[in-house]
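Heads up, the thing below is written out as structure tokens.
Numbering of ligands and ligand atoms starts at 1, following listing order. What's counted below: heavy atoms across the whole structure, side chains too, no hydrogens, waters or symmetry copies.
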Amino acid sequence: MNAAPLDLTGSDGFGLEHLPYGVFRRHGECGRVGVAVGEHVLDLVALGVEPAGPFAVPRLNEFMALGPCAWAATRATLQALLRSDERRARTRVESSLVPIGEVELLLPFEVADYVDFYSSLDHATNLGRLFRPDAEPLLPNWRHLPVGYHGRAGTVVVSGTPVRRPRGQSKAPDASAPSFGPTRRLDLELELGFVVGVPSELGEPVPVGRALEHVFGVVLVNDWSARDIQAWEYQPLGPFLGKSFATSIGAWVTPLEALLPYRVAAEPQEPAPPAYLQGAEHWVLDIALEVGLRSAGMAEPDVISRTSSRNLYWNVEQQIAHATVNGARLRRGDLLASGTISGPQAGARGSLIELTWNGAEPLALSDGSTRTFLADGDEVILRGRAGPIALGEVRGRIEPALANGRPGAP
Ligand code: CA
């Protein structure tokens with residue numbers, strides 16, 4: 001009997017060009033590595049991909065440790081198997097597919113260090129205008145280096161993890177003293193995250209032209225931010241508790257190889273950056289991005305922002321070259337986030353502080369309510385798409401703050 005080719009229709013965004021890696025668990029089983037194919041997870045352990053060991057653990061770090069040749073070989077093997085109409089191959093694949101509704105998706109990799117950049121010109125300009133209305137919006141360093149800070153790896157969570165409204169200190173501009181309580185200005189940040197698969201040596205800067213050799217893949221990132229806590233604490237050392245309570249990432253890591261065809265020439269940088277930040281070509285990824293917001297009463301989210309990763313001024317090669325130029329090393333599992341991505345149009349801003357202009361212009365939602373910042377029960381959904389590739393979405397719903405510091409306390 002000559003069976004029809006594997007039906008990958010309904011696999012919009014998750015077809016053979018994509019094949020993102022993640023970690024899944026079926027009820028009562030241990031987590032292991034799988035690949036998203038359409039509405040299924042391809043269980044790489046069941047499939048018998050060699051070597052099996054790196055796939056039988058609940059994180060991608062062991063697979064990443066095999067290096068770029070193994071990543072490419074595995075991807076080619078999977079594409080060949082999924083394309084094959086040979087009966088044995090088909091049986092092997094079909095018996096390794098698990099409906100995605102039957103699995104729990106876990107954090108896809110153990111996050112080593114988390115670095116958050118600030119690489120969107122429009123985002124940096126908008127925040128400069130909001131916070132320093134009487135001054136030049138961009139600080140003097142911004143066009144000379146990719147500004148960033150080291151974040152908190154331990155609170156990076158997978159899509160779907162609820163986010164509890166953090167409590168902390170803040171001080172309104174007209175208040176005489178700071179107060180303590182739940183943040184009143186909880187925000188989202190739409191970002192693109194790059195996952196480091198190949199570490200670098202301590203003391204040896206990574207040249208800009210070799211930076212991509214260290215990148216395993218890409219995830220969407222929501223870098224949740226408590227603006228009132230951030231505003232009170234951030235000087236002089238930078239963001240701390242206003243950022244470290246949670247950072248959500250997609251459950252599926254898109255291989256860098258799948259996205260390389262979606263590089264486009266970037267706008268020339270003015271002034272030209274120093275030599276260590278100049279790649280052979282200045283490119284950016286062309287990924288359409290959107291932010292959805294769904295209140296507790298809404299069935300479907302409203303899309304509140306549409307933008308593109310083309311709006312990034314600094315690319316990941318430059319970010320890696322900069323992050324290591326002092327001799328700091330990359331570790332396997334590092335997450336390098338782009339910083340909030342905003343475009344020049346009002347509807348292309350990647351955070352609520354920009355979309356509502358610091359609360360002055362509330363957003364109207366389709367349920368009749370308005371938002372300046374996030375309300376309890378709100379769910380934020382980030383999506384991204386490049387050609388036939390849909391990045392794994394990032395969802396997170398806001399839970400009420402702890403009462404008296406304890407869950408469920410009155
Ligand atoms: Ca950020």
Inset, instruction - Looking only at N, O or S atoms, find the one in Asp223 nearest to the Ca ion (ligand 1) and name it. - result: OD2
Legend entry - Ring centers of Trp252, Tyr21 separated by less than 6.0 Å: no
Inset, instruction - Report yes or no: do Trp232 and Gln169 form a side-chain donor-acceptor pair below 3.5 Å? - result: yes
Inset, instruction - State whether a side-chain donor-acceptor pair under 3.5 Å links Trp283 with Glu317. - result: yes
Inset, instruction - Could you tell me the angle subtended at the Ca ion (ligand 1) by OE2 of Glu191 and OD2 of Asp116, rounded to 10°? - result: 110°
Legend entry - Pairing of Asp134 and Arg129 as salt bridge, 4.0 angstrom limit: no
Legend entry - Residue Glu189 atom name (nearest to the Ca ion (ligand 1); N/O/S): OE1
